[in-house]
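Chain letters run A, B, ... following the sequence lines, proteins first and then strands; every chain starts at 1.
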Protein chains: 2
Amino acid sequence: MGSTLRQIALECGVAVSTVSRALNGHPHVNEETRRLIRETAERLGYRPSAAARALRGSGTRTVGVVLPDMMNAFYARTISMVQDQLEERGHSVVMAVTNNEGRRERTGLERLIASGVDGIIVVPTPTRRPPTPEGPPLVEMNRRSSRRVDWVGYDEDEGARTLAGLLVGAGHHDIAFIGGQPSFSTTRRRLEGYRRALAEAGVEPDPRWVQLRAYSPDWGSEALRRLLALRPAPTAVCASSSELVLGLLTEARRRGLRLPSELSLVAFGKTDWYAVTDPGITTYEQPIEQVAHIAVQLLADRMAGSTADPTTVLVEGRAVERDSVAAPPTGPEPPCGTAI
Amino acid sequence: MGSTLRQIALECGVAVSTVSRALNGHPHVNEETRRLIRETAERLGYRPSAAARALRGSGTRTVGVVLPDMMNAFYARTISMVQDQLEERGHSVVMAVTNNEGRRERTGLERLIASGVDGIIVVPTPTRRPPTPEGPPLVEMNRRSSRRVDWVGYDEDEGARTLAGLLVGAGHHDIAFIGGQPSFSTTRRRLEGYRRALAEAGVEPDPRWVQLRAYSPDWGSEALRRLLALRPAPTAVCASSSELVLGLLTEARRRGLRLPSELSLVAFGKTDWYAVTDPGITTYEQPIEQVAHIAVQLLADRMAGSTADPTTVLVEGRAVERDSVAAPPTGPEPPCGTAI
DNA sequence: TTGTACGCGTTATCAC
DNA sequence: GTGATAACGCGTACAA
């Protein structure tokens, strides 16, 4: 194991360059020699040294992926899909986690570049001036920075509008929005969609309906507490991630609040357990696999040498209706929404 | 960017070797020269070439992680913890996913070794003869193969015994066990613990109570269907993963089965949503972070050159009781378990 | 068709 | 304290 071209050359009684040519399928090599060389290479368990190849400038077949978090179900799915796609194309994936800190994004990118990756896929942190170090091709996924690079992500705006629209359709007017960091472009886009849905329904949104802070269960709980302390309290909530739903459901259970009869809920996020809570959560599912696929495709094009202008791809999701939406409890006009 | 030692040497009017020494903190370098070199390096944005270093034999500061799956919440958590630990120590993580296929494990390992990782952490697939290719230090995590290498994992046996013990304590006798692939060492160990708990309670387990196939929601549903078709049907289930619980809950809901009054449930797995289902799921939580920490520590020791005999570390988890256990519905002796 | 020679960037060794 | 040189493994232009 760990044998080199030279050992094979020695074994076969030829020159190193001949071995290299034979193994790399170059044209002008005697078929007899090639066979011999192939066999000895096999026998010796030859593996080309990635380091030497990289040094020689032939690339590393390695791609860096920079993302905020891997515990988060959404990103776990994302990295999983990206990994699959890349592995299928013969690339290894090396990771960097930012925890949403610009500093860690920078060091992560530098580490990846220094380690010689051929390309990078990144979910950017919300830093002001993204200090893009020079390096290999880079594409952005999900969130968007100010960099002028290839980008693929979800139609967050439309998603929020769809979700809030479901609530409006069920007769709600007092609809709250719980979200994470307002610095994330995704958060802002979703908020925008929520506002648009309300505007289209002729509802003037109370600014206190909007609770933004962090994509964590804790904030989900806290935001619900704040909303329920309001008078009048909202009759429905649009939550911007499954983590928020987790906290929200915990808090609801703690105070004996019944869903959907006392509070309707719609949420972003594609999580298996949305189907087994009580009630099942109506959600807007984003096609993670598709976005991963496109991100890899965009990167592959760049790595193949494309110098086209930066591309932008927007992908739409779809609503999955379960049982967390009902008519508002004291609603004056009983709408066509599903009763409990 | 991408400047080399030579460029710095040229710029400073010194030799390459001096630059190398200066930058690597070697002792015999004039402080004045060192300062100058450091500055120019900074100015030119110098990053040492990992490829060249690897070629030179100084390692890559890169570690490979081989695991079955990243969608799986348990492994998503695991890889996340491992990644954190390694990044903290200055290592990059490059991934390989096996999907529980021996072939992919082999190719993954080979890819990682070829790419020059300094060490490998692997959750082995259940292959008979693990075709360990020679390579860098390797430690195994969670599952255990027949390789004689460092290993760290959970006390699955004790976990299952604890969980089943909870059911026994609530008055159950007809206790089923739903698990995944019987080829996994973890599955077998858990089954063993389950049997031990029953034996300790003087219960003769009906072999049909044991349903093993796959760690998937589908199998969770199917297994529950099979169990409920039995006469007498079991009054309690011990599920071996959160994926199984997902399917089990779905099926229970589909047929209007009420937990825990009609069926008690305990499960392995550490998942946030165990707290928000109805009822909350009583579980045996395994200390993923601790195992990740130890795995990294073991590997670090090896990478530092340790040649000690293979180490084995067993880590215990703890039960987290929620609301999914009650007395059996028609139980003759009403035990002290929590009533609904 | 095959061999020779060189360079990629780094570090260790040896000579000055 | 510093400079020159060799070596790591590979690919390729050029010579034979």
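Remark on the helix from C:dT1-D:dA16 to C:dC16-D:dG1: inter-end axis angle 50°, axes from five-pair C1' superpositions, rounded to 10°.
Partners of B:Q181 according to the side chain to side chain contact (heavy atoms under 4.5 Å, CB included) rule, which considers only residues two or more places apart in sequence or in another chain, are B:N100, B:S183, B:F184, B:A214, B:Y215. Applying the salt bridge (Lys or Arg N to Asp or Glu O under 4.0 Å) test to B:R61 and every residue at least two apart in sequence or in another chain returns nothing.
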Show me, pair by pair, the donor-acceptor contacts under 3.5 angstrom made by side chains of residues 15-23 of chain A, not counting sequence neighbours?
none

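Within a 6.0 Å sphere centred on CZ of A:R6, other residues, nucleotides and ligands contribute 12 heavy atoms or fewer. The environment of A:Q297 atom CD is dense: over 12 non-hydrogen atoms of other residues, nucleotides or ligands sit within 6.0 angstrom.
Counting only heavy atoms from C-beta outward, the side chains of A:V291 and A:Q286 never approach each other to under 4.5 Å. Using a 4.5 Å heavy-atom threshold, the side chains of B:Y46 and B:T40 count as separate.
Across the interface with DNA chain D, nearest-nucleotide mapping of B:V14 and B:A52 shows B:V14 to be the residue nearer the 5′ end. Heavy-atom distances to DNA chain D give each of B:G57 and B:T33 a nearest nucleotide, and the one nearer the 5′ end belongs to B:T33.
One interatomic measurement links the two molecules: CG of A:L10 to P of D:dC10, which rounds to 14 Å at whole-angstrom precision. Going from atom CD of A:E32 over to atom P of C:dT1 covers 13 Å, rounded to whole Å. Here D:dC8 presents its C1' atom at 20 Å from CZ of A:R47, a figure rounded to the nearest Å. Counting to the nearest Å, the C1' atom of D:dC10 and the CD1 atom of A:I8 are 12 Å from each other. To the nearest angstrom, P of D:dA13 lies 12 Å from NE2 of A:H28. The CZ-P distance, from A:R6 to C:dT4, rounds to 14 Å in whole Å. Put simply, CD1 on A:I37 is 13 Å from P on C:dT1, counting in whole angstrom units.
You'll find that the side chain of B:L55 is closest to D:dC8, out of D:dC8, C:dC8, C:dT2.
Among residue pairs with one or both ends in residues 54-89 of chain B, those qualifying as ring-ring contact (aromatic ring centres under 6.0 Å, His included) are B:F74-B:Y154; sequence neighbours excluded.
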Footprint string (nucleotides 11-16 of chain C, 5' to 3'): B base within contact, S backbone only, - free, heavy atoms under 4.0 Å: BBB---
Take B:R35 and B:E31, measure what salt bridge (Lys or Arg N to Asp or Glu O under 4.0 Å) needs, and give me the verdict at the end. CA-CA 6 Å; B:R35 212 178 38 72; B:E31 274 313 317; over 6 Å; no
